[in-house]
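Here the structure is a predicted model, which means the values were calculated and not measured.
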Amino acid sequence: MKFSLALGFAFILPLIRAQVPHWGPCPDPAVQTAFNLKQFMGRWFEIAKLPAQFEKGRCIETNFTLKTDNSIRVVSSEILKAELRKIEGTGVVEDIKNPAKLGISYSYVLPYSPYWILSTDYVNVALVYSCTDILRLFHVDFAWILGRTRSMPEATVQKAMDTFAKNNIDVSRMIPSKQQGCDKTL
């Protein structure tokens, strides 16, 4: 038993080394009430984030498109080492009674990861949270402040961070995303 637990941690720890692990289960934050999926669709730029192993570049953005089967085409991109990199995934509404609780997967073999819209005005800012429990002992979470433009007033960013904190989400390690020089041709 001890060996299998140690072996499990040996596989899990490299996956979360750049993430933000916390003891205990995931918090259960309130999500956007009366969420309108169609209004959320479109292009969003990453303004700030909790560090994530899978996001190492700059000029990170995601475009959401509603498909005819009501799934969501999710195309995320970043510039890394002077190269534009894109990845396409699928999003779904995981609970029809709570449409702000989306799930997103970038692979056919991996399950959907939580992608919860905590708050949005649809035209300027969106707060997104994702959390995964690891054996109910600890959790790894991600948080993003997204904007419809590449920059956002500092007061809006601070208000977003306060909203995360009020929902028991630790954003003390949140960092600004690099959105400068994004319109230059590669």
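Rounded to the nearest 0.5 angstrom, Leu127 CG and Thr120 OG1 are separated by 7.5 Å. To the nearest 0.5 Å, atoms CG (Asn124) and CZ (Arg148) are separated by 9.0 Å. In this structure, the separation between CD1 on Ile60 and CZ on Arg85 is 12.0 Å, given to the nearest 0.5 Å. Remark: Leu80 CG to Lys56 NZ distance equals 7.5 Å, nearest 0.5 Å. In this structure, the separation between CG on Asp170 and CG on Leu50 is 7.5 Å, given to the nearest 0.5 Å. Once rounded to the nearest 0.5 Å, the distance linking CZ of Arg43 with OG1 of Thr149 reads 10.5 Å.
Note on Ile117 and Phe45: separate hydrophobic clusters, where clusters join Ile, Leu, Val, Met, Phe, Trp and Tyr whose side-chain heavy atoms are under 4.5 Å apart, directly or indirectly. Grouping the Ile, Leu, Val, Met, Phe, Trp and Tyr side chains by contacts below 4.5 angstrom, directly or via other members, places Val128 with Phe142. Side-chain heavy atoms closer than 4.5 Å link hydrophobic residues (I, L, V, M, F, W, Y) into clusters, and following such links, even through other members, never connects Leu84 to Val75. Clustering ILVMFWY residues whenever any of their side-chain heavy atoms sit less than 4.5 angstrom apart, transitively, puts Ile145 in the very cluster that holds Tyr129.
Taking the side chain as every heavy atom from C-beta outward, Ile47 and Val125 never approach each other to under 4.5 Å. Side-chain atoms of Val157 and Met174, non-hydrogen and from C-beta on, never get closer than 4.5 Å to each other. Side-chain atoms of Glu46 and Glu55, non-hydrogen and from C-beta on, do get closer than 4.5 Å to each other. Side-chain contact between Ile72 and Leu37 is present, with heavy atoms from C-beta onward closer than 4.5 Å. Between Gln179 and Glu61, the closest side-chain pair of non-hydrogen atoms is not below 4.5 Å. Within the 4.5 Å cutoff, no side-chain heavy atoms of Asn70 are placed close to those of Val93.
Formation of a donor-acceptor pair under 3.5 Å by the Asn167 side chain with backbone atoms of Ala30 is found in this model. No side-chain donor-acceptor contact under 3.5 Å links Arg58 to the backbone of Ser177. Checked by atom type and distance alone, the side chain of Ser105 never pairs as donor or acceptor with a backbone atom of Thr90 at under 3.5 Å. With Glu94 contributing its side chain and Lys101 its backbone, the two residues share no donor-acceptor pair below 3.5 Å. Checked by atom type and distance alone, the side chain of Ser76 never pairs as donor or acceptor with a backbone atom of Ile87 at under 3.5 Å. In this structure, Asp69 contributes its side chain and Ser71 its backbone to a donor-acceptor pair below 3.5 Å. With hydrogens and angles ignored, the 3.5 Å screen pairs no side-chain donor or acceptor of Asn98 with any backbone N or O of Ala100.
Nearest heavy-atom pair across Gly91 and Val74 is N-CG2, 3.9 Å. In plain terms, the two heavy atoms of Trp23 and Leu137 that are nearest each other are CE3-O, 3.4 Å. Across Lys38 and Leu66, no two heavy atoms sit closer than the pair CG-CD2, 3.8 Å. Contact record, Tyr122 with Phe35: OH-CA, 3.4 Å, taken as the closest heavy-atom pair. The shortest non-hydrogen separation linking Asp133 to Gly24 is OD1-O, 4.2 Å. The shortest heavy-atom contact between Met152 and Gly147 is CE-CA, 3.7 Å.
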Arg73/Glu88 under salt bridge (Lys or Arg N to Asp or Glu O under 4.0 Å): CA gap, chis, key distance, verdict: CA-CA 7 Å; Arg73 179 176 183 245; Glu88 185 170 335; 3.0 Å; yes

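For residues 156-168, the set of pairs meeting the salt bridge (Lys or Arg N to Asp or Glu O under 4.0 Å) definition, not counting sequence neighbours, is empty. Residue pairs meeting the ring pair (Phe, Tyr, Trp, His ring centres under 6.0 Å) criterion with at least one partner in residues 74-120, sequence neighbours excluded, are Phe64-Tyr115, Tyr115-Trp144. Applying the disulfide (SG to SG under 2.5 Å) test to every pair with at least one member in residues 50-162, sequence neighbours left out, gives these pairs: Cys26-Cys131, Cys59-Cys182.
Within 6.0 Å of CD1 on Ile175 lie more than 12 heavy atoms contributed by other residues, nucleotides or ligands. Under a cut-off of 6.0 angstrom, the local environment of NZ in Lys67 is crowded, with over 12 non-hydrogen atoms contributed by other residues, nucleotides or ligands.
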